[in-house]
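Okay, so here's the structure we're looking at.
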Amino acid sequence: MTEKNQTVISEFVLLGLPIYPDQRDLFYALFLAMYVTTILGNLLIIVLIHLDSHLHTPMYWFLSNLSFSDICFSSVTIPKLLQTMQSQDLSIPYAGCLTQMYFFLFFADLESFLLVAMAYDRYVAICFPLHYTTIMSPKLCLSLVVLSWVLTMFHAMLHTLLMARLWFCADNTIPHFFCDMSALLKLACSDTRVNELVIFIMGGLILVTPFLLIIMSYARIVSSILKVPSAKGIHKAFSTCGSHLSVVSLFYGTVIGLYLCPSTNNSTVKETVMAMMYTVVTPMLNPFIYSLRNRDMKGALGRVLFKKKTSFLV
Ligand SMILES: *[C@@H]1O[C@H](CO)[C@@H](O)[C@H](O)[C@H]1NC(C)=O
């Protein structure tokens with residue numbers, strides 16, 4: 001807009017969380033504990049799935065991919081948050097900020113695509129149980145995973161390149177704990193209409209399409225159960241879909257709450273709390289949702305631990 005205060009910004013300042021200084025240590029300990037839980041819980045899932053041959057099925061390969069993506073997703077924001085909470089230096093270099101934005105988008109999208117792949121897997125498992133192994137071949141699973149990676153790579157790159165062409169003037173203070181795309185757009189001095197249009201269109205495609213696909217596959221699952229209602233069928237559907245459905249609700253619940261219900265007053269605090277939900281809480285809860293409610297996972301844990309113990313004894 002104005003030519004004269006168009007200084008080139010080399011770094012941003014992340015204001016972090018809206019908390020009082022005397023609460024900082026408490027929150028620091030809390031987030032550190034949550035981060036460590038996220039890493040350990042998800043690592044445990046990946047290790048279990050790789051070690052136990054009973055879990056070498058498409059559903060668990062996708063789950064292992066989801067856990068990997070959870071670890072990366074929380075590692076994009078939380079270590080930086082913990083670092084800024086402890087030091088006085090709140091700055092983040094311009095390139096670091098864009099890199100963080102890129103990987104944040106990347107792993108958030110990846111999660112969304114993996115949830116679709118898992119929903120499709122459940123749909124095939126329940127609606128075509130006899131053809132399950134032929135339809136969900138290792139080749140198809142790998143293609144779905146690779147496709148998710150490629151699509152998210154392009155999507156995150158598109159937003160990052162569009163962000164890189166913007167000018168930032170004097171104000172470089174981000175009222176957030178990571179380089180959030182919408183927070184950065186608010187700081188930009190140049191015209192952000194193209195960015196907003198792309199966010200609107202791609203956001204619709206990337207968030208709404210997977211959500212609709214998941215709803216569709218669950219609608220098919222429910223209708224196939226209702227066609228032949230049996231206690232056994234309902235139990236099977238609940239036991240295999242329950243965990244996935246909980247993760248889906250957690251993920252889309254927070255995202256939809258954030259983007260579809262914008263509030264005018266106090267929006268910074270609300271945005272931060274919601275962002276906290278999906279960057280810290282969701283990745284931490286995923287392993288618990290899967291392992292606590294799931295008999296296969298518990299069995300695998302028992303088998304892996306028992307095998308360790310017997311090999312010790314021998
Ligand atoms: C992700 O899924 C693919 C395809 O099923 C599998 O080969 C790969 O090992 C998985 N990755 C992880 C980290 O589990």
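We count residues from 1, following the sequence as given. Counting convention: from 1, in listed order, for ligands and their atoms alike. Because the structure is a prediction, the values reported are computed rather than measured.
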| query | Given side chains that start at C-beta, do those of Phe31 and Met276 come closer than 4.5 Å, heavy atoms only? | reply | yes
| request: Describe, in one word, how the ring planes of Tyr218 and His244 are oriented to each other, choosing from parallel (under 30°), tilted (30 to 60°) and perpendicular (over 60°). | output: parallel
| In terms of residue, atom name and distance, what is the protein heavy atom nearest to atom 7 (O) of ligand 1? | Leu142 CD1, 4.1 Å
| task | Give the atoms of ligand 1, by number and element, whose distance to some non-hydrogen atom of Val145 is under 4.0 Å. | result | 2 (O)
| How far is atom 10 (C) of ligand 1 from its nearest protein heavy atom, and which residue and atom name does that atom have? | Asn65 ND2, 2.7 Å
| Counting each atom of ligand 1 from 1 as listed, which ones have a heavy atom of Ser64 under 4.0 Å away? | 12 (C), 13 (C), 14 (O)
| Could you walk me through whether Phe73 and Phe103 pass the ring pair (Phe, Tyr, Trp, His ring centres under 6.0 Å) check? | CA-CA 8 Å; Phe73 186 53; Phe103 284 107; over 10 Å; no
| Which of these, Val198, Ile199, Thr192, Leu197, sits in a side chain to side chain contact (heavy atoms under 4.5 Å, CB included) with Leu162? | Val198
| query | Where does the angle between the aromatic ring planes of Tyr123 and Tyr120 fall among parallel (under 30°), tilted (30 to 60°) and perpendicular (over 60°)? | reply | tilted
| task | Could you list the atoms of ligand 1 found under 4.0 angstrom from a heavy atom of Cys141? | result | 5 (O)
